[in-house]
Novice: 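Okay, here's the structure, questions in a sec.
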Amino acid sequence: MSVRHGLLALLERGTRYGYQLRTEFESATGGTWPLNIGQVYTTLARLERDGLVRALPESRRRELAGGARSDGGQRPYEITDEGRVELTLWFATPVEQTDRPRDELAIKLALALTTPGVDVRAVVQTQRTATVRQLQELTRLKAADPTVDDLAWRLVLEAMVFRTEAEVRWLDHCEASIARFARVPANRPATKDTKETKDTRSGAKR
């Protein structure tokens, strides 16, 4: 998910100030995606440039300030009709593999395999220990945090648990694959030329 579409989804709920958007975004993602206020306003500026949101005029800001504090003189924002079309399209479009971040761990292990002097088994074990620890913390949070009654937060938390479990299984697979590769004999099958040379030598001895 991009911050861009996250803010549009929050603005679909109603008019928001930047600080409100930051708080609600972090709450919606279970605190797993922290934002700074500068990032929020930079994204809002781009959305406004693209006609997807609009900053309300000063008169509306003073009107809304009666029920909520102003954000350092900043104006509240609302989603436009074009923004709703963009948001609807985003929800209707499946996430493509190419849209997801590169898998840093997979790249790290691939480089470890081909970098001289790196103990790739140690790299895998170190990562597995950290991942299992993270899985334990997530499981503990799921069992103990009273906020998991919130369905949105529960789904985010469970997605993190499933991904972490999958990473542990993948690391186990990597370790097994490395072990199998290490047991493969280094000697390669003899080539035709090598075989002919050996036959010639055997004939000479006779």
Side-chain angles (χ1 to χ4, degrees), residues 1-58 60-105 107-108 130-131 133-135 137-142 144-164 166-167:
M1 180 184 76
S2 66
V3 175
R4 172 188 179 93
H5 291 106
L7 297 186
L8 285 176
L10 293 174
L11 286 171
E12 179 65 5
R13 302 177 183 178
T15 303
R16 296 288 191 276
Y17 284 97
Y19 78 92
Q20 292 173 313
L21 289 170
R22 180 184 64 176
T23 301
E24 293 182 20
F25 184 94
E26 293 180 353
S27 176
T29 57
T32 61
W33 196 334
L35 293 180
N36 61 62
I37 196 64
Q39 186 177 6
V40 171
Y41 279 115
T42 298
T43 305
L44 285 171
R46 291 171 180 167
L47 290 170
E48 186 176 20
R49 177 201 63 195
D50 296 339
L52 303 180
V53 304
R54 69 169 63 91
L56 297 184
E58 181 66 19
R60 288 293 306 280
R61 184 182 72 83
R62 288 197 300 268
E63 178 183 334
L64 291 171
R69 70 177 180 84
S70 63
D71 189 9
Q74 297 291 339
R75 293 179 296 170
Y77 287 80
E78 66 179 6
I79 191 169
T80 64
D81 290 339
E82 291 82 357
R84 290 188 176 90
V85 171
E86 172 72 16
L87 183 61
T88 299
L89 179 61
W90 178 65
F91 278 125
T93 304
V95 177
E96 299 290 341
Q97 185 68 32
T98 54
D99 293 337
R100 297 174 188 171
R102 293 182 178 88
D103 191 328
E104 181 179 352
L105 176 56
I107 295 172
K108 182 178 182 180
T131 303
R133 186 181 302 116
Q134 182 184 11
L135 179 59
E137 293 174 354
L138 290 171
T139 303
R140 190 180 306 115
L141 179 60
K142 182 179 177 181
D145 194 336
T147 63
V148 295
D149 291 335
D150 179 1
L151 179 59
W153 166 222
R154 176 180 286 276
L155 292 177
V156 171
L157 181 59
E158 289 176 344
M160 294 167 63
V161 170
F162 292 150
R163 290 193 184 105
T164 308
E167 183 172 297

Novice: What is the ring orientation for Y41 with Y77, classed by angle as parallel under 30°, tilted 30 to 60°, or perpendicular over 60°?
Specialist: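 Y41 and Y77: tilted rings.
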Novice: Short question: side chain of E26, backbone of L35 - any donor-acceptor pair under 3.5 Å?
Specialist: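 Checking the backbone N and O of L35 against the side chain of E26, a donor-acceptor pair under 3.5 Å is found.
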Novice: What pairs with R22 under side chain to side chain donor-acceptor pair (under 3.5 Å), at least two apart in sequence or on another chain?
Specialist: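 Applying side chain to side chain donor-acceptor pair (under 3.5 Å) to R22 gives none.
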Novice: Please round to the nearest 0.5 Å and tell me the distance separating atom CG of L44 and atom CZ of R4.
Specialist: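 L44 atom CG to R4 atom CZ measures 11.0 Å (nearest 0.5 Å).
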Novice: Does L105 reach the side chain of T131, with side-chain heavy atoms less than 4.5 Å apart?
Specialist: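 Heavy-atom side-chain distance check fails, nothing below 4.5 Å.
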Novice: Heavy atoms, side chains only, cut-off 4.5 Å: are H5 and L8 in contact?
Specialist: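 They are in contact (side-chain heavy atoms under 4.5 Å apart), so the answer is yes.
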Novice: V161: which residues meet the side chain to side chain contact (heavy atoms under 4.5 Å, CB included) condition with it, sequence neighbours left out?
Specialist: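 V161 satisfies side chain to side chain contact (heavy atoms under 4.5 Å, CB included) with L135, L138, E165 only.
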Novice: A159: which residues meet the side chain to side chain contact (heavy atoms under 4.5 Å, CB included) condition with it, sequence neighbours left out?
Specialist: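 Checked A159 against side chain to side chain contact (heavy atoms under 4.5 Å, CB included); matches are R163.
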Novice: Can you tell me how far the CG atom of L11 sits from the CD atom of Q20, to the nearest 0.5 Å?
Specialist: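 If I round to the nearest 0.5 Å, the distance is 10.0 Å.
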Novice: Within this structure, what is the CE-NZ distance for the pair M160 and K142, rounded to the nearest 0.5 Å?
Specialist: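 It is 12.0 Å, given to the nearest 0.5 Å.
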Novice: Taking only residues two or more places apart in sequence, or in another chain, which ones meet T80 in a side chain to side chain contact (heavy atoms under 4.5 Å, CB included)?
Specialist: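 T80: side chain to side chain contact (heavy atoms under 4.5 Å, CB included) contacts with R54, E82.
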Novice: Does a salt bridge link E104 with K108, judged by any charged N lying under 4.0 Å from a carboxylate O?
Specialist: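 No, this pair does not count.
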Novice: Does D50 use its side chain to pair, donor to acceptor, with the backbone of L52 at less than 3.5 Å?
Specialist: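 Such a contact is absent between D50 side chain and L52 backbone.
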Novice: Taking S27 for its side chain and T23 for its backbone only, find out whether a donor-acceptor pair lies under 3.5 Å.
Specialist: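 Here the side-chain-to-backbone pair does not exist.
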Novice: Show me the pairs that pass salt bridge (Lys or Arg N to Asp or Glu O under 4.0 Å) and involve residues 31-48, at least two apart or across chains.
Specialist: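 Sorted result for residues 31-48: empty, none.
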Novice: Check side chain to side chain contact (heavy atoms under 4.5 Å, CB included) between R13 and all other residues, then give those that pass, not counting sequence neighbours.
Specialist: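 R13 satisfies side chain to side chain contact (heavy atoms under 4.5 Å, CB included) with L10, R16, E24 once adjacent residues are dropped.
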